[in-house]
Novice: 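Here's a structure for you.
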Amino acid sequence: MTSSPHVAVCWDVDGTLLLGGTIGTEVLGAAFTQVTGHPARFDAIRMGGHTDWLIGEALRDALDAEDAAAVAARGDAFGHDMIAAVAEGWRRRAGDLPAVAHTLPGVDATVAALAGLPGVVQTLTTGNVRVGATAKLTAVGLADGAIDLDLGGYGEGPGERVRVVEQARDALAARYGAAPPMVVVGDTPRDVEAAHRAGAVAVAVATGRSSVEELHATGAEHVFADLADPGRLVAVVRSTGEDRSRSGTGR
């Protein structure tokens, strides 16, 4: 069995690693209309920090009461159909991403700096379906490098945001025998909540729609305006690994 890493850095995608324009919203909207026959009312919901599964449910609930009830009566079948349609939409639209997607300040250098630390593994804890996350990372050159997509948690099933962190933790445990301490990096209050509920350290970055003040209010252990200085996250990861070494246990 491969020796266990000291720390797992778990990245959110949108608003944390990169921005991808409006293509993601277009994919979700087309999938919702395909599955339900109704237009998606994005003006009636808030997507930040939600998984693709939960966004589908929110769009369903934003329908007129009769239509929402008819969709809800399908139970989890609606969610599974929605996720399948979103994944297929990403397969069609992935080629459009390179023209609009870009990493956020300091991301490339930070990912590279973490990759140079012994005992650190990097993966994703994202609300995206896996094919969408892969398309986005591929568009900005991050898919075939230090971030291990096979260890990630993705927003493809029912449940709250914490499930994507739990999925990554389970994948880490399956590979290494035990999950190492996890540092979850995200840009929304829901990322912080999910990290804490899963027993992880939360690093919040104000590169999405939440301000530094809003992120401080979540109780995140660390809040950065951005990742322009890679040394800040490197220091957090090192201290997390040192805490684990002193205690002799994982998290």
Side-chain angles (χ1 to χ4, degrees), residues 8-29 31-32 40-62 79 82-83 86-87 90 101 103-104 107 122-137 147 149 152-169 182-227 233:
V9 179
C10 303
W11 293 98
D12 173 53
V13 174
D14 299 295
T16 302
L17 285 174
L18 58 84
L19 296 177
T22 62
I23 296 174
T25 302
E26 293 165 11
V27 167
L28 286 163
F32 184 77
R41 292 188 53 206
F42 289 106
D43 61 317
I45 70 168
R46 297 185 67 179
M47 294 198 296
H50 276 315
T51 65
D52 283 354
W53 181 287
L54 291 174
I55 290 170
E57 291 185 341
L59 290 171
R60 173 201 66 197
D61 295 343
M82 179 73 185
I83 292 302
V86 170
W90 275 116
T103 53
L104 285 157
V107 162
Q122 298 180 70
T123 190
L124 300 179
T125 46
T126 174
N128 286 271
V129 298
R130 177 165 176 166
V131 66
T134 301
K136 292 175 183 180
L137 267 63
I147 299 176
L149 302 183
Y154 302 94
E156 300 181 341
E160 298 176 83
R161 174 85 188 202
V162 65
R163 284 296 302 133
V164 303
V165 185
E166 292 170 342
Q167 288 163 16
R169 184 183 63 202
M182 300 169 71
V183 175
V184 172
V185 188
D187 68 297
T188 75
R190 288 190 179 94
D191 293 307
V192 176
E193 179 189 16
H196 287 165
R197 288 180 61 186
V201 173
V203 177
V205 290
T207 46
R209 295 186 177 180
S210 298
S211 68
V212 167
E213 293 74 22
E214 289 169 333
L215 294 172
H216 271 299
T218 67
E221 286 83 352
H222 307 275
V223 178
F224 303 142
D226 55 37
L227 294 169
L233 186 56

Novice: For the side chain to side chain contact (heavy atoms under 4.5 Å, CB included) test, which of Asp226, Leu17, Val107, Leu227 pairs with Thr207?
Specialist: Asp226
Novice: Quick one: closest heavy-atom pair of Gly49 and Thr188, and the distance?
Specialist: CA-OG1, 3.5 Å
Novice: Is Val201 close to His222 at the side-chain level, that is, under 4.5 Å between some pair of heavy atoms?
Specialist: yes
Novice: Can you see which heavy atom on Tyr154 is nearest to which on Arg130, and at what distance?
Specialist: CD2-CA, 3.5 Å
Novice: Mind listing the closest non-hydrogen atom pair of Ile45 and Ala58 along with its distance?
Specialist: CG2-O, 3.6 Å
Novice: Below 4.5 Å, heavy atoms only, C-beta onward: do Glu156 and Trp53 meet side chain to side chain?
Specialist: no
Novice: Closest approach of Ala195 and Ala202, non-hydrogen atoms and distance?
Specialist: CB-CB, 3.9 Å
Novice: Would you please name every residue forming a salt bridge (charged side-chain N to carboxylate O under 4.0 Å, His left out) with Asp12, sequence neighbours left out?
Specialist: Arg161
Novice: Does any part of the side chain of Thr126, heavy atoms only, come nearer than 4.5 Å to the side chain of Trp11, both counted from C-beta?
Specialist: no
Novice: Return the CZ to CZ distance between Arg46 and Arg190, rounded to the nearest 0.5 Å.
Specialist: 7.0 Å
Novice: Answer whether the closest heavy-atom distance between the side chains of Leu59 and Phe42 falls below 4.5 Å.
Specialist: yes
Novice: Do Glu57 side-chain atoms and Gly79 backbone N/O form a donor-acceptor pair below 3.5 Å?
Specialist: no
Novice: Give the intermediate values and the outcome of side-chain contact (heavy atoms from CB on, under 4.5 Å) for residues Leu28 and Val86.
Specialist: CA-CA 6 Å; Leu28 286 163; Val86 170; 3.8 Å; yes
Novice: Looking at every non-hydrogen atom in both residues, tell me the closest pair between Glu221 and Ala200 and how far apart they are.
Specialist: OE2-O, 4.3 Å
Novice: Is the shortest heavy-atom distance from the side chain of Val131 to the side chain of Thr134 under 4.5 Å?
Specialist: no
Novice: Are any side-chain N or O atoms of Thr22 and backbone N or O atoms of Thr25, one a donor and one an acceptor, separated by less than 3.5 Å?
Specialist: no
Novice: Are Asp191 and Val165 close enough, and set up right, to give a side-chain contact (heavy atoms from CB on, under 4.5 Å), and what steps lead you there?
Specialist: CA-CA 9 Å; Asp191 293 307; Val165 185; over 6 Å; no
Novice: Find the distance between CG (Leu18) and NZ (Lys136) and round it off to the nearest 0.5 Å.
Specialist: 7.0 Å
Novice: State plainly whether the residues Arg163 and Glu166 are in salt-bridge range, i.e. N to O under 4.0 Å.
Specialist: yes
Novice: With respect to Val9, which candidate in Val185, Leu124, Thr125 satisfies the side chain to side chain contact (heavy atoms under 4.5 Å, CB included) definition?
Specialist: Val185
Novice: Does a side-chain heavy-atom distance below 4.5 Å link Arg197 with Glu160?
Specialist: yes
Novice: A side-chain contact here means heavy atoms from C-beta on lying under 4.5 Å apart; do Met82 and Ile55 qualify?
Specialist: no
Novice: Output, in order, the C-alpha distance, side-chain angles, deciding distance and verdict of side-chain contact (heavy atoms from CB on, under 4.5 Å) for Ile23 and Trp90.
Specialist: CA-CA 9 Å; Ile23 296 174; Trp90 275 116; 3.8 Å; yes
Novice: Grab the two heavy atoms, one from Asp52 and one from Val129, that are nearest each other, plus how far apart they are.
Specialist: OD2-N, 3.1 Å
